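Each remark here refers to the structure printed beneath this line.
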Amino acid sequence: MERTAAVNERVIVRSGMRILRVALGALIAAVIAFLVWFTGVLQPPEGLRRRVVAFVAIYPGPVSEALVDRVICPPLRGRHLYVVCTEDCEGQWRLLGVTGLRVETLRNFNRVPPEDESEVWSRLNRFIAREELEIDTASAPSMIGCHMRVAGLYPELIVTESDVREIEEARPSEEKMRRIAEGLRDPPPEAMTIRREGRDLAAGFLYWDTSRTGRPILEVTYRLSRDGRLLDVRARERLSRDDTAFGNTPDIPPS
């Protein structure tokens, strides 16, 4: 009887030790996974990253009400940009930079008084610089598209000369203008002229600004550093008698 009890006790101890080892191994694996995800050595699951982004942006507010939208920026591999807002962006509204599971606020759109634009774009440039990109003429359009999206502009509204002629002909008709806007997709390569300026890149293109009164066509020039930072933006309304560039402030795209 005593021998049976002793055997049973040893079995229970072994089972307990086995369970403990399994639990400890699972805990160690979870800690390692968190560390490699947190540091960005490996990219975490998108769902987890979105939950972390929402929590950092909104807490102690209602995190479950947060809308999280990723900013498309193909050149960025290890870093990502997200916009988070609540209450149709009347509540919280943030632009966040994410590396692994580390989150930093790049812009608070609801701040009163508004944040200084040059500081916002310097902050974004520092975030991009840490990616250590090598932007060339082939990757410049997608990098410019990233900067445009962050500024609330739409790369789809980059137009060609033939698009401009069609737009001008359609101006008397709201319906035709709407159809043209809805039909625009990713601009063809010829819509953007890219040239080297020393180590920097300059890209010129026509942009249909449908958000402004009269929906003007703008002549826009973006200047990028080789690591993807936005150095300068110039924009002017096409065919305007005033040939003075507006928005000619470093790190501030036209809005």
Side-chain angles (χ1 to χ4, degrees), residues 40 70-83 95-99 104 106-107 115-164 184-212 216-240 243-255:
R70 184 171 169 179
V71 179
I72 299 173
C73 192
L76 295 179
R77 302 293 185 180
R79 289 167 176 77
H80 306 275
L81 298 168
Y82 289 85
V83 173
L95 172 67
L96 302 167
V98 185
T99 306
E104 57 186 292
L106 299 178
R107 181 167 193 168
E115 291 186 290
D116 180 78
E117 292 287 343
S118 61
E119 174 56 31
V120 169
W121 284 93
S122 293
R123 205 179 297 150
L124 177 64
N125 275 340
R126 289 194 295 270
F127 177 78
I128 291 173
R130 292 199 294 271
E131 185 83 353
E132 297 182 348
L133 298 172
E134 280 292 334
I135 300 298
D136 55 20
T137 55
S139 57
S142 59
M143 193 69 236
I144 289 169
C146 173
H147 284 293
M148 292 178 71
R149 291 184 185 96
V150 168
L153 303 176
Y154 301 91
E156 297 83 2
L157 294 178
I158 295 176
V159 293
T160 63
E161 290 288 354
S162 60
D163 292 327
V164 172
L184 292 173
R185 294 292 183 267
D186 293 336
E190 63 269 19
M192 188 177 292
T193 302
I194 302 173
R195 65 182 184 277
R196 296 184 182 276
E197 292 186 347
R199 287 189 52 81
D200 303 328
L201 295 168
F205 56 88
L206 301 176
Y207 182 76
W208 186 21
D209 194 342
T210 58
S211 67
R212 292 190 179 184
I217 302 295
L218 305 179
E219 296 177 344
V220 182
T221 301
Y222 271 62
R223 191 162 63 88
L224 299 177
S225 66
R226 291 296 297 273
D227 61 3
R229 290 174 296 119
L230 180 61
L231 302 177
D232 183 52
V233 177
R234 296 172 182 265
R236 65 182 180 189
E237 186 172 339
R238 199 178 201 202
L239 303 179
S240 172
D243 197 44
T244 302
F246 64 87
N248 181 18
T249 304
D251 303 327
I252 303 179
S255 59

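The shown structure was predicted, so the numbers you read here are calculated from the model rather than taken from an experiment.
- Side-chain contact between Thr160 and Pro187 is absent, with no heavy-atom pair separated by less than 4.5 Å.
- With values rounded to the nearest 0.5 angstrom, Ile217 atom CD1 is found 9.0 Å from Asp209 atom CG.
- Taking the side chain as every heavy atom from C-beta outward, Glu117 and Arg107 approach each other to under 4.5 Å.
- Considering CG of Asp186 and CD of Glu156, their distance stands at 6.0 Å, rounded to 0.5 Å.
- Closest non-hydrogen pair, Leu81 versus Leu124, comes out as CD2-CD1, 4.0 Å.
- One distance of note links CG of Leu218 with CZ of Arg236; it measures 11.0 Å at 0.5 Å rounding.
- Considering only heavy atoms from C-beta on, Ile128 comes within 4.5 Å of Leu133 through its side chain.
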Item checked: Check against side chain to side chain contact (heavy atoms under 4.5 Å, CB included), Val71 and Tyr82 -> CA-CA 5 Å; Val71 179; Tyr82 289 85; 6.0 Å; no
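- Put simply, the side chain of Tyr154 never gets that close to the backbone of Met148: no donor and acceptor are under 3.5 Å apart.
- Between Ser122 and Asn125, the side chains place no donor N or O within less than 3.5 Å of an acceptor N or O (distance only, hydrogens not considered).
- Salt-bridge annotation for Arg130 and Glu132: absent, with no side-chain N of the basic residue lying under 4.0 Å from a carboxylate O of the acidic one.
- Closest approach of Glu131 to Arg77, counting heavy atoms only: OE2-N, 2.6 Å.
- Salt bridge annotation for Glu104-Arg123: absent, with no cationic side-chain nitrogen under 4.0 angstrom from a carboxylate oxygen.
- Within the 4.5 Å cutoff, the side chain of Phe127 has heavy atoms near those of the Leu106 side chain.
- Rounding to the nearest 0.5 angstrom, the gap separating the CG atom in Leu230 from the CG atom in Leu224 is 6.5 Å.
- Salt-bridge check for Glu119 with Arg126: passed, with a basic side-chain N closer than 4.0 Å to an acidic carboxylate O.
- Inter-residue side-chain proximity for Trp208 and Asp163 is flagged as unmet; no heavy-atom pair is nearer than 4.5 Å.
- Salt-bridge formation is detected for the pair Arg226/Glu134: a Lys NZ or Arg NE/NH1/NH2 atom is positioned less than 4.0 Å from an Asp or Glu carboxylate oxygen.
- Cys73 pairs in a side-chain contact (heavy atoms from CB on, under 4.5 Å) with only one of the listed residues (His80, Arg149, Met143, Arg79), which is Met143.
- Annotation for Ile135 and Ser225: closest pair CB-O, 4.4 Å, computed over non-hydrogen atoms.
- Contact detail for Ala202 and Thr221: the closest heavy-atom pair is CB-CG2, 4.5 Å.
- To the nearest 0.5 Å, atom CG of residue Asp200 and atom CZ of residue Arg195 are 11.0 Å apart.
- Remark: Ile158 CD1 to Ile144 CD1 distance equals 7.5 Å, nearest 0.5 Å.
- Aromatic pair Phe205/Tyr222: ring centres closer than 6.0 Å.
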